[in-house]
There are 2 protein chains.
Amino acid sequence: MSETFAARAAALDAADRLADLRKLFTLDDTVYLDGNSLGALPAHVPARVQEVLTREWGELRIRSWDESGWWTAPERIGDRIAPLVGAAAGQIVVGDSTSVNVFKAVVAASRLAPEGRDEILVDATTFPTDGYIAASAARMTGHRLVPVAPAEVPDALGPRTAAVLLNHVDYRTGRLHDLPGLTAAVHAAGGLAVWDLCHSAGALPVGLDAHGVDLAVGCTYKYLNGGPGSPAYLYVAERHQAAFDSPLPGWTSHADPFGMTPGYAPADGAVRGRVGTPDILSMLALEASLDVWNGVSIEAVRAKSLALTDFFLECVAEHVPEGRVTSVTPAAHTERGSQVALRCEDAEPVMSALIARGVVGDLRRPDVLRFGFTPLYVGFADVERAARVLGEVLKP
Amino acid sequence: MSETFAARAAALDAADRLADLRKLFTLDDTVYLDGNSLGALPAHVPARVQEVLTREWGELRIRSWDESGWWTAPERIGDRIAPLVGAAAGQIVVGDSTSVNVFKAVVAASRLAPEGRDEILVDATTFPTDGYIAASAARMTGHRLVPVAPAEVPDALGPRTAAVLLNHVDYRTGRLHDLPGLTAAVHAAGGLAVWDLCHSAGALPVGLDAHGVDLAVGCTYKYLNGGPGSPAYLYVAERHQAAFDSPLPGWTSHADPFGMTPGYAPADGAVRGRVGTPDILSMLALEASLDVWNGVSIEAVRAKSLALTDFFLECVAEHVPEGRVTSVTPAAHTERGSQVALRCEDAEPVMSALIARGVVGDLRRPDVLRFGFTPLYVGFADVERAARVLGEVLKP
């Protein structure tokens with residue numbers, strides 16, 4: 001029976017048109033299912049970073065701000081990310097952490113909302129930083145924070161709703177939320193929709209422009225493989241840019257940054273979302289990392305992602321003793337991101353045992369085993385092995 | 001006469017006990033007097049960054065958050081910077097840009113101030129980002145922003161003063177402000193003193209603890225040579241840490257970040273100043289860069305800095321036609337940072353001509369030639385050559 005699954009994995013890998021992309025990454029015999037936490041290293045990045053260090057910083061020094069294109073990196077790299085999340089150019093700027101961008105986006109959304117609206121809704125099940133930062137944004141703009149489960153958002157919307165901050169894919173369960181439907185509902189209520197794309201960008205189509213999203217943020221170190229703590233990004237829909245009012249109006253967002261005038265005058269366009277001096281080493285490592293996406297369609301990535309998670313669930317059903325794990329990731333494709341989360345007793349020692357056997361996922365306390373499937377470099381044989389090893393670990 | 005200056009430069013270089021440090025940097029025949037904008041590359045940094053990329057990210061991947069010490073980098077590197085600015089360990093955390101840290105510091109200071117105080121004073125001549133960000137902090141905390149020249153701060157202080165944001169060294173003129181005296185004056189008025197150390201840290205003793213500074217921020221890419229846009233830092237004096245109330249309470253500042261609980265509970269200590277996931281590549285490049293400070297006393301750096309700027313002013317007086325430039329940097333040592341700013345007609349083409357002849361300073365519009373003296377790698381022969389070339393460029 002196991003042979004059947006191994007044979008199916010081999011056939012699926014042979015038919016996988018994205019399979020060759022794995023060669024672009026530095027990988028080993030480990031089955032790495034934690035790319036939804038830290039993406040793998042694209043193999044060409046170290047050479048590019050060396051060039052940045054030795055030539056651009058070491059030799060050109062200050063001249064590189066112009067000559068090596070450092071100054072315009074935030075918006076240039078934003079335009080590289082744009083097609084991956086369904087955004088036209090000129091709406092995304094890279095820089096700062098996701099948390100800082102959540103603050104910019106939620107404050108700006110609350111200021112863009114029609115006057116008199118005093119509520120900010122936030123996904124109560126969200127990755128914690130979004131809730132903490134939204135609470136600070138609400139406190140500092142005089143709004144009331146309303147934590148609400150995503151399914152209950154439509155009922156919680158109303159004439160008091162200024163802005164709604166939602167995660168596209170839940171970091172714990174892997175549930176994919178209905179971005180088009182929820183965005184439309186928020187708009188119907190007269191509010192603005194802010195989406196956190198940390199767990200969806202690079203794994204599935206987002207369609208920011210097509211679905212009329214107002215603002216969005218995301219990290220670049222998961223499915224976008226930008227490196228540990230690489231800079232996040234901020235999307236401001238073009239129609240909102242002229243009125244985008246940043247709570248962090250740093251000098252690099254100024255219309256004339258080198259005029260160094262005492263009065264602040266915001267730049268036009270996505271640049272308005274910049275804050276301080278851009279973090280060049282991390283930013284240019286990210287820019288190089290994005291090369292692996294050349295010629296890759298996000299629809300093909302999504303198709304493979306679903307095939308991987310489907311196959312993993314099948315293999316788990318085959319290999320793991322019944323009742324030992326329960327998937328908390330939705331079975332329906334329309335509700336599934338690119339990870340599978342399994343509730344499991346003793347999750348902590350189980351994950352340690354998996355890692356010791358070369359299958360790397362992670363743990364979300366207290367009892368969730370989390371496995372991320374990154375279609376650019378995870379194959380079906382990896383999936384089969386991961387489920388098989390999980391079965392071995394869990395067999396009594 | 002010029003020979004006399006060249007001979008004096010040679011003698012000064014021969015007697016310079018910091019002269020050997022220059023070998024630690026990647027430099028060439030250029031006279032680089034722009035290290036106050038972007039410090040030079042410490043030569044060992046590229047190899048360390050390669051190790052971070054290929055071994056820590058490439059091979060260990062997610063394990064490096066623990067095994068390579070990534071998670072604790074912000075406070076560990078903060079403790080490396082601490083002795084350079086006169087702070088005991090446990091009060092500095094590295095991360096985010098200077099602008100973002102100014103926001104944290106000014107908002108937190110206004111919240112730490114006694115109730116009923118509604119004014120935030122800010123240096124009206126400051127680097128613009130500080131003013132822009134302070135204005136946003138004031139707007140979002142319900143304070144009134146009062147821009148005031150540093151010399152007039154004592155008169156502007158009063159029972160309404162909550163916090164005062166000042167630059168230690170003015171970015172344009174190079175004027176060193178009286179940190180001990182102004183901090184004492186702010187305290188006497190019952191307010192909190194926030195200092196921006198961008199242009200002083202690594203160039204002269206700061207004495208944060210000794211002078212009772214409340215909060216401080218600074219960048220690391222000038223005299224600290226951390227690389228383009230390397231992460232900034234935040235100092236929160238130990239006595240304020242328990243009440244430090246961040247406007248950016250990201251998940252990595254949580255008491256139990258991996259508990260991922262919906263409610264925010266701040267960590268103890270400097271860690272409370274963290275926000276999002278730390279930017280590891282840039283942060284570890286900075287950490288490596290700080291090795292050049294091993295065994296270097298900041299007092300020795302200051303002594304050499306003053307000798308360099310004194311000698312530069314002398315050489316300029318010798319080589320440059322009278323009346324062609326005017327120093328806007330104070331002559332008194334107690335009022336001078338580590339740069340010399342010369343007002344000059346046609347400053348823009350003059351700086352271009354200097355750069356074309358291998359003397360790199362920078363321009364602050366409309367009419368200031370700015371020369372930064374970084375004692376770790378600038379010598380007296382560099383100074384003599386810079387002034388001589390300036391004289392050649394300016395001769396009719």
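Naming convention: chains lettered A, B, ... in sequence-line order (proteins, then strands); numbering from 1 in each chain. All values derive from a computational prediction rather than experimental measurement.
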Could you tell me the separation between the [atom1] atom of [X] and the [atom2] atom of [Y], rounded to the nearest 0.5 Å?
| X | Y | atom1 | atom2 | answer |
| --- | --- | --- | --- | --- |
| A:Tyr221 | B:Ile280 | OH | CD1 | 10.5 Å |
| A:Thr30 | B:Glu59 | OG1 | CD | 10.0 Å |
| B:Leu53 | A:Gln50 | CG | CD | 8.0 Å |
| A:Asp279 | B:Leu281 | CG | CG | 9.0 Å |

Answer with side chain, backbone, both or neither: which region of [X] has an atom nearer than 4.5 Å to a non-hydrogen atom of chain A?
| X | result |
| --- | --- |
| B:Glu56 | neither |
| B:Asp96 | side chain |
| B:Val107 | side chain |
| B:Thr98 | neither |
| B:Leu27 | both |
| B:Pro278 | backbone |
| B:Val360 | side chain |
| B:Arg63 | neither |

**OP:** Check whether any side-chain heavy atom of A:Arg61 sits under 4.5 Å from a side-chain heavy atom of B:Thr26, and report yes or no.
**Re:**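 No, side chains not in contact.
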Original post:
B:Pro247 versus A:Met140: any side-chain heavy-atom pair under 4.5 Å?
Top reply: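 Side chain of B:Pro247 against side chain of A:Met140, heavy atoms only: contact under 4.5 Å found.
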Closest non-hydrogen atom pair between [X] and [Y], with its separation:
| X | Y | value |
| --- | --- | --- |
| B:Met260 | A:Arg172 | O-NH2, 3.7 Å |
| A:Gly250 | B:Ile133 | N-CD1, 3.8 Å |
| A:Trp65 | B:Gly229 | CZ2-N, 4.3 Å |
| A:Ser99 | B:Gly276 | OG-CA, 3.7 Å |
| B:Pro46 | A:Thr54 | CG-CG2, 3.9 Å |

Shorter than 4.5 Å, heavy atoms on both sides: which option in [options] has the most such pairs with chain B?
| options | value |
| --- | --- |
| A:Ala232, A:Ala137, A:Gly259 | A:Gly259 |
| A:Gly131, A:Gly227, A:Pro262 | A:Gly227 |
| A:Ser282, A:Ser64, A:Ser136, A:Ala135 | A:Ser282 |
| A:Cys219, A:Gly35, A:Ala40, A:Ser253 | A:Ala40 |

Original post:
So does B:Asp245 pair up with A:Arg139, basic N to acidic O under 4.0 Å?
Top reply: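 So B:Asp245 pairs with A:Arg139 through a salt bridge.
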Subject >> Sidechain N-carboxylate O distance under 4.0 Å for B:Arg365, A:Asp256 >> reply: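 Answer for the salt bridge query: yes.
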Original post:
When only pairs under 4.5 Å are counted, which of B:Gly142, B:Ala47, B:Ser97, B:Pro147 shares the most heavy-atom pairs with chain A?
Top reply: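 Option with the greatest count: B:Ser97.
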**OP:** Applying side-chain contact (heavy atoms from CB on, under 4.5 Å), run through B:Leu38 and A:Trp57 and close with a yes or a no.
**Re:** CA-CA 9 Å; B:Leu38 175 64; A:Trp57 177 15; 4.0 Å; yes
Subject >> Engaged part of A:Thr261 at the chain B interface, taking heavy atoms whose separation is under 4.5 Å >> reply: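 Both parts, backbone and side chain.
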Subject >> Per-residue contact mode, A:Phe25 against chain B (heavy atom under 4.5 angstrom) >> reply: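 Contact with chain B is absent: no heavy atom of A:Phe25 under 4.5 Å.
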Original post:
Are A:Leu248 and B:Tyr132 close enough, and set up right, to give a side-chain contact (heavy atoms from CB on, under 4.5 Å), and what steps lead you there?
Top reply: CA-CA 8 Å; A:Leu248 295 168; B:Tyr132 307 157; over 6 Å; no
**OP:** Given side-chain contact (heavy atoms from CB on, under 4.5 Å), test B:Tyr32 with A:Ile62 step by step and report yes or no.
**Re:** CA-CA 9 Å; B:Tyr32 189 63; A:Ile62 196 71; 3.6 Å; yes
